[in-house]
J.: 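There's a structure below that I have some questions on.
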Amino acid sequence: MRTQVGIIGAGPAGLLLSHQLHQMGIESVIVENRTQAEIEGTIRAGVLEQGTVDLMNRLGVGSRLMKESYFHEGFELRFKGKGHRINVHELTGGKYVTVYAQHEVIKDLVDARLRQGGAIHFNVGEVSLHDLDSELPKIRFRQDKEGELQELVCDYIAGCDGFHGPSRPAIPHSLRTEYQKIYPFGWLGILTEAPVSSPELIYSNHERGFALLSTRSSKIQRLYLQVDAKDDIANWSDDRIWSELHNRLETKEGFRLIEGPIFQKGIVSMRSFVCDPMQYGKLFLAGDAAHIVPPTGAKGLNLAASDVQYLARGLDAYYKRGQTELLERYTDVCLRRVWKAERFSMVMTTMLHRNHDHSPFERQIQLAELDYVTSSRAASVSLAENYVGLPMEYH
Ligand code: FAD
Ligand code: DHB
């Protein structure tokens, strides 16, 4: 098999890249080790930056998103039993916080790509990368896990296979530097069949730990609780989850959280991670394969979208004009934006989670930080512009 760009992984990074390449007249093939039903059923992100929404629209895959999303003008930071609204719309000159589930983005992208006749090989096994520093790098895989070994010969390979995929380890160890921070807490996330409790997202810093109230539709709500990183979901009955959510979201004005049946729950760990470089020979890493952020800033999917926009532009310059300059600058250009999102995600995480290693002094500093970002216009502008997403410009 031969293609121009071989893409490993049908997550947001891989699918958004294949759509952009298609629009540019560049061929690609995606290999994905899970089934279509699995990737379309994985519950993860909810908040999209304006730049990601704009990209979906430019690719012609934004119509359901524009109909079904919530476009919020702000969000709330809650601490010491009181809510403080960050008016994102006003503070950023008219931008919105878009709430639309990641698996709906995936469904829209897969559906459109298959209707265009795009090649996505689901449920493959034993994916490996070869000859990355040659003119013709290759991806080997088995169709349906145990079929015959296939070889996909490419001009370029995009490693869009998330944090645990084989692409990043294919860069020789001695040539990459990995920066990492592990947090002592994780997030327990639930989906519940309940009406909306708040018109906008609420990020709450409470003595008992962080809680986040988000939404999916008028009938389905998404909520998160800070838990111990090593906690087991078996320790969390529905009653215990609701009791913690009520406690951590309470206000002095008597905020009312509406309960419903919980139909999905799970715990994710939290880390910050960056791999430098993001490129080796003909291999380019994009999205979670190259970097991870803790979810508090809602940046992971959006970073995947900005990486692949730049990568597509570089590939276009190569195929249309034979220029490789943009591709050569891939790591430098992407990492400038990545590090700023890493900074913001770590700051949000540190500001909002209860850290039991903190001294009483550090706890007071945390509350002062929250007071500052909600009362100073300069600090609120900075928070809002990072939350809606720094420009996806590439210099
Ligand atoms: P992935 O989504 O991980 O996709 C990688 C794909 O590669 C997967 O489909 C995987 O099956 C496939 N793959 C792996 N190994 C192989 C292999 N060997 N061969 C072939 N394929 C392989 N981000 C936001 O922007 N906003 C949010 O609000 C937000 N909230 C979040 C909430 C939670 C609880 C979590 C966990 C994450 C959240 N994120 C958020 C982060 C976001 O979900 C990720 O950053 C995003 O999925 C990254 O996309 P990706 O395509 O790089 O990687
Ligand atoms: C959601 C996820 C996030 O990481 C976040 O910061 C806000 C909302 C969500 O899943 O809705």
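Note: hydrogens, waters and symmetry copies are ignored here, and every other heavy atom, side chains too, is used.
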J.: Is a donor on one side and an acceptor on the other found under 3.5 Å between the side chain of R140 and the backbone of E151?
T.: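 No; judged by distance alone, with no hydrogens or angles, the pair does not exist.
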J.: Just wondering, are more than 12 heavy atoms of other shown residues or ligands nearer than 6.0 Å to NZ in K80?
T.: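 Count not over threshold, so no.
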J.: Check each of Y183, Y224, W187 against F210 using the ring pair (Phe, Tyr, Trp, His ring centres under 6.0 Å) test, and report the only one that passes.
T.: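 Of the listed residues Y183, Y224, W187, the ring pair (Phe, Tyr, Trp, His ring centres under 6.0 Å) partner of F210 is W187.
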J.: Roughly how far, to the nearest 0.5 Å, is the CG atom of L132 from the CD1 atom of I157?
T.: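 Spacing of CD1 (I157) from CG (L132) equals 5.5 Å.
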J.: With a 3.5 Å distance limit and no angle check, can you tell me whether T92 reaches the backbone of V88 through a side-chain donor-acceptor pair?
T.: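 Here the side-chain-to-backbone pair exists.
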J.: Is there a ring pair (Phe, Tyr, Trp, His ring centres under 6.0 Å) between W339 and F344 once you walk through the steps?
T.: CA-CA 9 Å; W339 273 115; F344 177 68; over 10 Å; no
J.: Does atom CD of E148 have more than 12 heavy-atom neighbours from other groups under 6.0 Å away?
T.: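 Counting other residues, nucleotides and ligands, CD of E148 stays at 12 neighbours or fewer.
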J.: Would K82 pass as a cation-pi partner of F79, given that its NZ or CZ must be under 6.0 Å from the six-membered ring centre and within 45 degrees of the axis?
T.: no
J.: How long is the straight-line distance from CD1 of I7 back to OG of S28, given to the nearest 0.5 Å?
T.: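 Between S28 OG and I7 CD1, I get 4.0 Å after rounding to 0.5 Å.
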J.: Measuring from atom OG1 of T35 to atom CD of E38, what distance do you get when rounded to the nearest 0.5 angstrom?
T.: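 Atom-to-atom, T35:OG1 and E38:CD are 3.5 Å apart.
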J.: Regarding H121 and E32, is there a side-chain donor-to-acceptor distance under 3.5 Å anywhere?
T.: no
J.: Check the hydrophobic clustering (I, L, V, M, F, W, Y; side-chain heavy atoms under 4.5 Å; chains of links allowed) and say if V53 and L55 are grouped together.
T.: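 Linked, V53 and L55 end up in one cluster.
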J.: Per the side chain to side chain contact (heavy atoms under 4.5 Å, CB included) rule, which among I202, N205, L383 passes with L77?
T.: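 For L77, the side chain to side chain contact (heavy atoms under 4.5 Å, CB included) test succeeds with only one of I202, N205, L383, which is L383.
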J.: A side-chain contact here means heavy atoms from C-beta on lying under 4.5 Å apart; do Q20 and R58 qualify?
T.: no
J.: For L311, which of L17, D316, V333, L285 qualifies under side chain to side chain contact (heavy atoms under 4.5 Å, CB included)?
T.: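 In the set L17, D316, V333, L285, the residue that makes a side chain to side chain contact (heavy atoms under 4.5 Å, CB included) with L311 is L17.
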J.: As a quick check of understanding, evaluate side chain to side chain donor-acceptor pair (under 3.5 Å) for R64 and S69, giving each step before the final call.
T.: CA-CA 8 Å; R64 198 162 70 92; S69 288; over 6 Å; no
J.: Check the pair Y96, H89 against ring pair (Phe, Tyr, Trp, His ring centres under 6.0 Å), reporting the backbone distance first and the verdict last.
T.: CA-CA 6 Å; Y96 291 94; H89 192 66; 4.5 Å; yes
J.: Answer yes or no for R216 and Y100: cation-pi contact, defined as NZ/CZ to six-membered ring centre under 6.0 Å and angle to ring axis within 45°.
T.: no
J.: Treating K95 as the side-chain partner and V388 as the backbone partner, does any N or O pair qualify as donor plus acceptor under 3.5 Å?
T.: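 Side chain of K95 to backbone of V388: no pair is present.
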J.: Got a sec: does the CD of E178 have more than 12 other heavy atoms crowding it under 6.0 Å?
T.: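 Yes, enclosed.
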J.: So, H22 side chain and R113 main chain: donor-acceptor pair closer than 3.5 Å or not?
T.: no
J.: So if I apply the side chain to side chain contact (heavy atoms under 4.5 Å, CB included) rule between L188 and each of I267, V268, L245, which one comes out positive?
T.: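 So the option named by the test is I267.
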J.: Hey, which of F284, Y280, Y318, Y156 is the one that makes ring pair (Phe, Tyr, Trp, His ring centres under 6.0 Å) with Y330?
T.: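 Single pass found, and it is F284.
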J.: V293 and V105: same hydrophobic cluster, using ILVMFWY side-chain contacts below 4.5 Å?
T.: yes
J.: Whether E126 and K145 form a salt bridge (side-chain N of Lys/Arg under 4.0 Å from carboxylate O of Asp/Glu) is what I want to check.
T.: no
J.: Whether the side chain of Y70 engages the backbone of S218 through a donor-acceptor N/O pair (distance < 3.5 Å, no angle test) should be reported.
T.: yes
J.: Would you kindly check if the NZ (Lys) or CZ (Arg) of K230 is within the cone defined by 45 degrees around the ring axis of F185 and under 6.0 Å from the six-membered ring centre?
T.: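 Output no; distance or angle outside limits.
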J.: Answer yes or no: are there more than 12 heavy-atom neighbours, outside E146 itself, under 6.0 Å from its atom CD?
T.: no
J.: Using a cut-off of 6.0 Å, state whether more than 12 heavy atoms not belonging to H356 lie near its atom NE2.
T.: yes
J.: Keeping N302 on the side-chain end and E49 on the backbone end, is there a donor-acceptor pair under 3.5 Å?
T.: yes
J.: Could you tell me whether the side chain of R248 and the main chain of Q226 form a donor-acceptor pair under 3.5 Å?
T.: yes
J.: Is it true that the NZ or CZ of R78 lies under 6.0 Å from the centre of F255's six-membered ring and within 45 degrees of the ring axis?
T.: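 Output yes; distance and angle both within limits.
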J.: I would like to know whether T350 and E369 meet side chain to side chain contact (heavy atoms under 4.5 Å, CB included); could you show each step before the answer?
T.: CA-CA 10 Å; T350 311; E369 175 87 27; over 6 Å; no
J.: Go through the steps to decide whether T192 and F263 satisfy the test side chain to side chain contact (heavy atoms under 4.5 Å, CB included), and finish with yes or no.
T.: CA-CA 6 Å; T192 176; F263 61 91; 5.5 Å; no
J.: Suppose we call two aromatic rings close when their centres sit under 6.0 Å apart. Are F75 and Y203 close by that rule?
T.: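 Yes, they do, as the ring centres are separated by less than 6.0 Å.
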J.: As an exercise, state the distance from CZ of F71 to CG of L65, rounded to the nearest 0.5 Å.
T.: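 Reported value, rounded in 0.5 Å steps: 6.0 Å.
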J.: Could you tell me whether the side chains of H291 and D307 share a donor-acceptor contact shorter than 3.5 Å?
T.: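 Yes, because at least one side-chain N or O of H291 sits under 3.5 Å from a partner of the opposite role on D307.
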J.: Donor-acceptor pair, distance only, cut-off 3.5 Å: does the side chain of N57 make one with the backbone of S63?
T.: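 No; judged by distance alone, with no hydrogens or angles, the pair does not exist.
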J.: Look at the side chain of D231 and the backbone N and O of V227, then say whether any donor-acceptor pair between them is shorter than 3.5 Å.
T.: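 No.
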J.: Using modelled atom types and a 3.5 Å cut-off, is there a donor and acceptor pairing between side-chain atoms of E362 and backbone atoms of Q364?
T.: no
J.: Only one of H206, R256, R208 passes side chain to side chain donor-acceptor pair (under 3.5 Å) with E250; say which it is.
T.: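 Of the listed options, the one satisfying the test is H206.
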J.: To the nearest 0.5 Å, tell me how far S359 OG sits from F361 CZ.
T.: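 Answer for the OG-CZ pair, S359 versus F361, is 7.0 Å.
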J.: Report the distance from atom CD of E259 to atom CD1 of I241, rounding to the nearest 0.5 Å.
T.: 10.5 Å
